[in-house]
Amino acid sequence: MRTLRLILLISCLCKTVLAQDNYETAAKSIILDSITVYAVGEGFLKPADFIRYTMEDTTLFHAFSLLKVSPYSMQMNAFIQDKKNRKGHVKRDYVQYIENNCRFQEYNTLDSSGYFYDKKGHPISETYQMMMQFFTTPQKVCNIKLSPSPKGIITLSQPRDLRQQKELVKRLIFAPHTLRIDVPLMGNKMKTNIFEAPTSDYYRFNVDFDIIGDTLSVYNFTIEVDSIKYPNWRKNVLIKKMHTTFRVEDMAIIARSYELFYPGWLASCDLSIYIKMQDVEDQLYPKTIHYQGDWKFPTKGKDHANIYLQFNQISTK
């Protein structure tokens with residue numbers, strides 16, 4: 001049995017790559033039980049290929065865009081905390097309907113407790129408001145259509161503004177190579193375009209092959225700060241780690257996660273974003289989204305949010 005596994009292992013080497021300090025020279029590996037086999041040479045996929053796949057990808061944005069034109073149900077579970085450490089919780093079920101090229105939603109509040117709304121009835125968390133702008137529709141919207149993927153470099157200078165926060169998260173999830181941040185309070189030296197030198201020098205690039213559930217073959221592309229080589233990375237980059245899972249059969253992105261960290265005195269952030277996709281009638285849709293962490297901006301104080309979204313009963317008709 002061990003011999004058979006080793007043969008199968010070697011046959012998979014062409015689908016695996018492990019890159020360390022310099023992604024132009026790669027050591028390839030797969031781990032099976034306690035055996036690790038390395039192969040170094042030409043003809044294997046390199047992290048540079050996956051940088052290109054990431055930059056050219058449209059599958060992820062298309063999957064989210066399909067939510068605009070599809071009926072579905074969504075469960076939202078939100079925990080928030082303000083600068084005075086007052087906590088609140090809201091849990092809701094949403095249902096989206098599509099009729100005559102229009103969409104509208106209905107919701108049912110399952111639980112609401114703690115300090116969630118201010119005296120005017122507005123949520124105390126801007127992060128929560130941003131997420132609701134992404135995924136809820138308070139009024140009927142007609143003439144709905146799919147949106148194009150984000151393109152072109154965008155520079156954000158006031159990410160404490162709700163509109164720019166929304167654009168920041170949108171670019172991070174769908175097109176990280178199109179994002180730059182220029183905020184004096186956070187330092188003009190902050191580097192956000194992780195695929196462009198000199199920012200890319202701060203990172204280690206790794207690609208490996210895996211099988212999920214015995215049937216689904218995937219590539220895992222990980223970009224992580226090289227904290228040994230750059231011990232002062234916290235003052236220079238925003239993205240601590242990015243992990244993207246590609247489905248081998250069509251190179252569609254089926255999962256992505258981020259860790260963002262910046263320890264500024266007046267402005268800071270420490271948060272993570274995780275998204276997972278699902279197949280519905282041969283179409284890719286979001287399945288779960290988890291957003292957790294802190295924003296801190298001048299005059300706004302700390303904004304902590306822990307938000308779970310789960311999409312169910314999606315119909316492509």
Side-chain angles (χ1 to χ4, degrees), residues 60-61 64 67 74-94 105 107 109-138 150 154 156-176 179 181 183 185-186 190 192 237-242 256-276 286-311:
L60 189 61
F61 186 80
F64 275 82
L67 289 176
M74 178 185 75
Q75 185 171 91
M76 180 272 294
N77 209 1
F79 303 83
I80 62 176
Q81 182 175 329
D82 72 354
K83 58 185 178 182
K84 296 182 180 179
N85 293 323
R86 292 176 294 189
K87 300 178 181 179
H89 169 237
V90 162
K91 184 177 181 180
R92 285 177 176 169
D93 281 339
Y94 289 82
Q105 294 179 344
Y107 70 86
T109 301
L110 305 177
D111 182 41
S112 179
S113 59
Y115 186 70
F116 200 91
Y117 301 97
D118 61 19
K119 296 180 179 180
K120 295 182 179 180
H122 301 141
I124 62 172
S125 169
E126 288 197 24
T127 302
Y128 172 82
Q129 294 182 61
M130 174 191 67
M131 296 295 283
M132 293 303 97
Q133 283 191 15
F134 268 124
F135 299 110
T136 63
T137 305
I154 183 171
L156 300 181
S157 59
Q158 296 179 348
R160 70 189 178 109
D161 174 80
L162 185 61
R163 181 188 62 82
Q164 289 209 9
Q165 286 187 30
K166 181 177 177 181
E167 189 65 28
L168 170 63
V169 174
K170 177 180 176 181
R171 295 279 172 160
L172 281 174
I173 293 176
F174 304 123
L179 174 66
I181 296 181
V183 185
L185 290 174
M186 299 182 79
M190 187 196 309
T192 52
V237 300
L238 175 65
I239 299 172
K240 178 181 178 182
K241 183 177 181 179
M242 183 179 98
R256 172 168 283 168
S257 63
Y258 280 97
E259 294 179 23
L260 308 182
F261 183 80
Y262 186 78
W265 176 53
L266 292 176
S268 64
C269 71
D270 184 4
L271 58 91
S272 63
I273 304 170
Y274 173 76
I275 60 175
K276 184 178 180 180
K287 181 178 182 179
T288 57
I289 301 172
H290 183 201
Y291 179 108
Q292 180 179 15
D294 301 311
W295 286 108
K296 178 184 177 183
F297 291 104
T299 73
K300 296 290 184 177
K302 184 176 71 172
D303 187 334
H304 176 82
N306 191 353
I307 301 172
Y308 297 85
L309 300 176
Q310 181 166 331
F311 299 87

Please check if the side chain of Gln310 supplies one atom and the backbone of Gln75 the other of a donor-acceptor pair under 3.5 Å.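 The answer is no, because no donor-acceptor pair under 3.5 Å joins these two groups.
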Less than 4.5 Å apart, any side-chain heavy atom of [X] and any of [Y]?
X: Asp303; Y: Tyr128; answer: no
X: Tyr274; Y: Thr288; answer: yes
X: Thr127; Y: Ile80; answer: no
X: Phe64; Y: Phe134; answer: no
X: His89; Y: Asn77; answer: yes
X: Leu67; Y: Met74; answer: no
X: Val90; Y: Met76; answer: yes
X: Ser112; Y: Tyr117; answer: yes

Can you tell me how far the [atom1] atom of [X] sits from the [atom2] atom of [Y], to the nearest 0.5 Å?
X: Ile124; Y: Arg86; atom1: CD1; atom2: CZ; result: 6.5 Å
X: Ile307; Y: Ile273; atom1: CD1; atom2: CD1; result: 10.5 Å
X: Lys287; Y: Leu309; atom1: NZ; atom2: CG; result: 14.5 Å
X: Lys91; Y: Ser113; atom1: NZ; atom2: OG; result: 11.5 Å
X: Asp294; Y: Asp270; atom1: CG; atom2: CG; result: 6.5 Å
X: Lys241; Y: Ser257; atom1: NZ; atom2: OG; result: 7.0 Å

Of all the heavy-atom pairs spanning Leu60 and Arg256, show the shortest one and how long it is.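 Distance-wise, the nearest heavy atoms are CD2-NH1, 3.8 Å.
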Taking all non-hydrogen atoms of both residues into account, name the closest pair between Ser125 and His304 and its distance.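 Between these two residues, the closest heavy atoms are OG-O, 4.4 Å.
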Does Tyr308 have any ring-ring contact (aromatic ring centres under 6.0 Å, His included) partners at least two apart in sequence or in another chain, and if so, which?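 Listed in chain order: His290.
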Which residues satisfy the ring-ring contact (aromatic ring centres under 6.0 Å, His included) test with Tyr115, sequence neighbours excluded?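 For Tyr115, no residue satisfies ring-ring contact (aromatic ring centres under 6.0 Å, His included) once neighbours in sequence are set aside.
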Trace of the side chain to side chain contact (heavy atoms under 4.5 Å, CB included) decision for Met131 with Ile289: CA-CA 10 Å; Met131 296 295 283; Ile289 301 172; 4.3 Å; yes
Which label fits Tyr107 and Tyr94: parallel for a plane angle under 30°, tilted from 30 to 60°, or perpendicular past 60°?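 Rings of Tyr107 and Tyr94: tilted, as their planes differ by 30° to 60°.
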